[in-house]
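Because only heavy atoms are used, hydrogens play no part in the values below, and waters and symmetry mates are left out as well, while side chains stay in. Nothing fancy with the numbering, it's 1 onward along the sequence.
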Amino acid sequence: MAIEAIQVGGYKPNQLLKIADGVSTTGTELNSTSWTELLALIGGTTSQYVKSGSANFTAAPQWTGVPSGASDLVNKSYVDSQVSAGLPDVGTAGTYAKVTTDTKGRVTSGSALIEADVPTLSTAGKVSGNAINSGTLGGSTAISSSGNLVTTGTVQGATVGATNVRVFNGANYVQLSAPVLGGNLSLSLPAADGAAGTLMKTNGAGQLSFGTLASTDIPSLDTAKLTTGVLPIARGGTGLGSYGNNSVLVSNGTGSAISSLNCALGEVIKFDASGFAGCGTDSAGSGSQWTTTGSDIYYSTGKVGIGTSSPQRTFHVSTSSNGTPTIAVLENTDTTNNNGINFSFRGATTSTGATNFNEFGAIQLGITEHSHATQNSAMKFYTRLNGALVMPLSIDATGSVKAHSLIATPAGNIGIGTTNPQARLEVAGQSRSVNSAGAAQTNGAAAIDWNNGNAQTLSVDCATTTFTNMLDAGTYILAVTETGTSTCVFSQAGLTFYFSPANGARTSGQRTVYSFQRIGNDVYVSCIKGFQ
């Protein structure tokens, strides 16, 4: 067993370097600086290294720059001259626009750029700087862009705004300028050119096309703006440069030309044998058939037709209308009460003058109350008897007493000979029902038509007598003048006859009178026999 030495050659144990393999070396002792570097070398924190063939420490090469990756050596350089001197020279020193490198990134050659080295440029904002201001854009390939063509700055030495485009032809140009816009405007040009003289139009949605003007494309013209020029006759004009007041346009005898004709007061337009119009005075047979006297106008010969070219009477009004048209209107424009209108009839008089103008008949519409609330009126028909006017018929809305022969009241009552009828028909005096000849109807056959009157006679046998037009609520009398003894039998379709006294044979050689009262479908008959 060995005894651990306390000191070896004057050194303490902690001052000795132990060799693991037991092989000792010779050399000088380690000083404190070398010892520190040795510990750093062993610990991996040294900044020194030992060069081959030298026992001295030398500063380790240092990296400069900031590496962009773990294996990136592009931005690294060596401080040690021996290391940097180890890179071989390749190529020729100089400045080049284009270089060639080996796999280690070393430049092997350099040259200038050629046209094929420039890549195709996109429109994604990769072009910047000054605009192209020299040279010529040419070749067989057209300029194509999928983006927007923006013009700013200078074109051919002249300032062009961002909303302008200029197309040059040598020193001159055509400029297209966009107006001030409030938004984007997109216009689509036609696919082909239009015909000569056509115009470009838009459909209001940006689609442009060539076409001609339609009549609807021309707005209405204000005639006040037509101050010069002459509109020809063929275009609906007068062919005159001016047209005065109180003038008419007539043919001047030279084809379709028109001239202005201005006649004096009282003159009329007359045509000569050649058809040329001029001014002149009226003469018999050459002017209008109407004659003017002061403020009056009259027509002395011929007939007047309205609605017809061939009047059949002195005054003939004709119309064709489905319904009941108003043929004529007579109006009194006075707005006071009790105004009215008369339509009078007269015959020839032996003297002239308004005082001898006597109406022999008249129809009068009298307005008895003009207010819009009531609007009462009466229609009266007048005739003249022995020089005095009488009123045979009055349709009176007020029911006031007049010397009427016939009156119709607002209540719907008709009065004959009375001014205040109380029934639908009231006759003051006699009434009778006769045939068209104005007499009682006498029948020579056993067929009675009661439209010939309510009282009739029968001169033949009455055994099979038929009635027609016996109306409900009507009263009828039949006198049988035939003096035989046969029983009279009366009939009308749908009616039943009842007798009192009972129907039977008539008295021989004597007349019989029958009375009939129809109520509904029943006819009540009474008879008186033995008239001598």
Side-chain angles (χ1 to χ4, degrees), residues 68 96-98 111-243 249 256 258:
S68 59
Y96 301 97
K98 180 178 70 173
S111 63
L113 288 175
I114 61 176
E115 183 175 349
D117 295 327
V118 180
T120 301
L121 299 179
S122 68
T123 58
K126 295 181 179 179
V127 178
S128 61
N130 296 330
I132 300 173
N133 53 23
S134 63
T136 301
L137 293 177
S140 60
T141 302
I143 299 176
S144 176
S145 173
S146 60
N148 298 325
L149 178 61
V150 180
T151 59
T152 58
T154 302
V155 178
Q156 286 289 77
T159 301
V160 180
T163 58
N164 299 333
V165 174
R166 289 181 179 178
V167 179
F168 279 82
N169 180 11
N172 300 318
Y173 61 84
V174 174
Q175 178 171 306
L176 301 178
S177 300
V180 178
L181 300 174
N184 296 329
L185 176 62
S186 179
L187 299 176
S188 298
L189 294 175
D193 190 12
T198 56
L199 305 176
M200 182 174 289
K201 302 191 298 183
T202 177
N203 64 351
Q207 184 68 44
L208 303 180
S209 63
F210 289 102
T212 57
L213 283 177
S215 58
T216 55
D217 297 326
I218 302 176
S220 299
L221 298 178
D222 182 0
T223 56
K225 294 182 171 59
L226 300 177
T227 58
T228 60
V230 175
L231 186 61
I233 300 171
R235 295 292 182 266
T238 64
L240 302 175
S242 63
Y243 183 46
L249 297 177
S256 60
I258 292 179

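- Of all non-hydrogen atoms in K98 and A112, the two that sit nearest each other are CE-O, 4.0 Å.
- Partners of L208 under the side chain to side chain contact (heavy atoms under 4.5 Å, CB included) rule, at least two apart in sequence or in another chain, are L187, L189, P190, M200, T202.
- With sequence neighbours excluded, no residue forms a salt bridge (Lys or Arg N to Asp or Glu O under 4.0 Å) with D193.
- Annotation: salt bridge (Lys or Arg N to Asp or Glu O under 4.0 Å) contacts involving residues 177-188, sequence neighbours excluded, are absent.
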